There are 2 protein chains.
Amino acid sequence: MEGVRDMSKLALVNDDQVGAFVQQLRLWRIQRRPGQSLYHEGDPAEFVYRVDKGWVRLLLDGEDGLRRIFAFVGPGDYFGANLQERDCTAEACTDLQLTVIPVAGLLRIGRTDPVALLELFEACTKHYRERVEVGRGQPSAAEKLRAFIARMGERITSGGRSGICLPFSQVNLANYLGVAPETLCRAAVQLCERGELARHGRRLWIGGCPPPRQKTGKQAKELGACDAAHAW
Amino acid sequence: MEGVRDMSKLALVNDDQVGAFVQQLRLWRIQRRPGQSLYHEGDPAEFVYRVDKGWVRLLLDGEDGLRRIFAFVGPGDYFGANLQERDCTAEACTDLQLTVIPVAGLLRIGRTDPVALLELFEACTKHYRERVEVGRGQPSAAEKLRAFIARMGERITSGGRSGICLPFSQVNLANYLGVAPETLCRAAVQLCERGELARHGRRLWIGGCPPPRQKTGKQAKELGACDAAHAW
DNA sequence: CGACCCCTTGATAATTGTCAATCCAGGTGG
DNA sequence: CCACCTGGATTGACAATTATCAAGGGGTCG
């Protein structure tokens, strides 16, 4: 809970300052398709990113060959603040639109406003801090999922939307929560029965109800709306 | 593993730079006894700390009243880099000797060397990054413990010591690893049988073997050596 | 319309949490 | 120096949760 409050404060206080700060630099935008990677663990770190549209997942490649997703980065979030090399891999969960911020330029203008520079880096480490709260203790899978949708719910209310569909597969979410996909599925069924979660097609919705059911062609259009929703 | 490499690099490359950086400020030292707290979640953040001797634990107080330890901070480590307010609680695990670094001063001299300032803050967030690797996936309790002692082993080799005794109770370690104390105990027994872990009195030792067994009076003296070991 | 992939569901085994009792190291006081 | 005391550590038994394996169904996309 505390982390959520910190998050909202960051969004209210720092984003404007940080946004103005980075505007001093020459920025540009890039797009990515779902599954494409932005950088890999070990790459030299040259850019910080801001998500304008879509969702990014941050993950580590375990020595056992398993990849561990530890953060989902959404619209308005910054990520990729590494001084030397990348400490994780970043991939697109959805269609993606990003603003690219060169680190070299950040360090240059950092002399004028070190606080804004720190705030930008702190915004990027936000995802690591949140991770500390996830999967801690020994709550059941249902409680992990409930905590997750609660945190995601914070985003939709601040975005002024009534609902949001999870912009990634259940397999990804299971990986993130540290449970087996089957376990997550059962937990989702459980929360759906209690009305804490909704389902529309293959997508899970949190917050408001999904749009009314229609025929297949219509559903595709609704999914378009879903994409718009999770992209703000 | 990757995180460990990053850590060692930080220790080799940044610490000297960061140390020289903070030397520009007026620093002072404080002591703490085991269990005493340095700050609580929500407190205004005024200081960054460097551990000179002993160990600190960082933890969150869950809404269920349970505290979750997410990091152990040891000699040479920095912690406490928050811009606004504390995002966690810091407590002494052992007898503690710390160097206090005022944040206001850091921000002031940050204009001259923003990179060093960022490196200091990055060194502080190191513990959050490491946390991402812990408890991820669904390894067994024994594997979690094995991964932990492997990471701690890195510290002892870099410190030039042959062994180190865990400077905190098994309850704390169980909390950190996200398992029940009984489960951790069983895992410890398992690793002790395989020689991956040693026991001396009530303390667990990793790396080199504990000092030879002697009589009670002697053992107390050995434990003093243990304290010296975990304090470097 | 068809194929592929993800989701779902069931059954079973393994791991772990929980509860309870006991042990023992380390400290205390006599 | 020794008996006592206290709290963490240990051990066992059991219940609960979850991982795993396997099979089937349904959505999504070509």
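Order of the sequence lines fixes the chain letters, A, B, ..., with proteins taken first and strands second; residue numbering starts at 1 for each chain. In this text the structure is predicted, and so the values were computed from the model without any measurement.
Across A:Asn175 and A:Arg68, no two heavy atoms sit closer than the pair OD1-CA, 3.4 Å.
Rounded to an integer number of Å, the gap from A:Leu204 CG to C:dC6 P is 15 Å. If you take CZ of A:Arg203 and C1' of D:dG26, they are 16 Å apart, rounded to a whole angstrom. B:Glu182 has its CD atom 14 Å from the C1' atom of D:dG7, to the nearest Å. Following rounding to the nearest Å, A:Leu145 (CG) and D:dT17 (C1') show an atom-to-atom distance of 16 Å. A straight line from CG of B:Asn175 to C1' of C:dT16 spans 16 Å, rounded to a whole angstrom. Across the protein-nucleic acid pair, B:Asn172 atom CG and D:dG8 atom C1' stand 11 Å apart, rounded to whole Å. Going from atom CG of B:Leu184 over to atom P of C:dT16 covers 11 Å, rounded to whole Å. Atom C1' of nucleotide D:dG27 and atom CZ of A:Arg199 are separated by 12 Å, given to the nearest angstrom.
Distance from the side chain of A:Arg186 is smallest to C:dA11 among D:dA9, C:dA11, D:dT28. Considering only the side chain of B:Arg202, D:dG7 comes nearest among D:dG7, D:dG26, C:dT16. Nearest nucleotide to the side chain of A:Val171, out of C:dT9, C:dC7, D:dT10: C:dC7. For A:Ser169, counting side-chain heavy atoms from C-beta on, the closest listed nucleotide (C:dG17, C:dC7, D:dA9) is C:dC7.
B:Glu193 CD to B:Glu196 CD: the interatomic distance, rounded to the nearest 0.5 Å, is 11.0 Å. Here the OG1 atom belonging to A:Thr89 is positioned 9.0 Å from the CZ atom belonging to A:Phe70, to the nearest 0.5 angstrom.
Centroid-to-centroid, the aromatic rings of A:Phe148 and A:Tyr176 come within less than 6.0 Å. Aromatic ring centroids of A:Phe121 and B:Phe121 lie 6.0 Å or more apart.
Proximity of A:Ser140 to the phosphate of D:dT17: no side-chain N or O atom is located under 4.0 Å from OP1 or OP2. Considering only side-chain N and O atoms, A:Thr183 lies under 4.0 angstrom from the phosphate OP1 or OP2 of D:dA19.
Using a 4.0 Å cut-off between a side-chain N of Lys or Arg and a carboxylate O of Asp or Glu, B:Asp95 and B:Arg32 do not qualify as a salt bridge.
Take B:Ala90 and apply the side chain to side chain contact (heavy atoms under 4.5 Å, CB included) test, not counting sequence neighbours, and it matches B:Leu38, B:Tyr39, B:Val56, B:Leu58, B:Phe79.
If you check every strand for non-hydrogen atoms under 4.0 Å, B:Ala188 touches nothing.
Between its two ends, the helix from C:dC1-D:dG30 to C:dG30-D:dC1 turns its axis by 50°, counting five pairs per end and rounding to 10 degrees.
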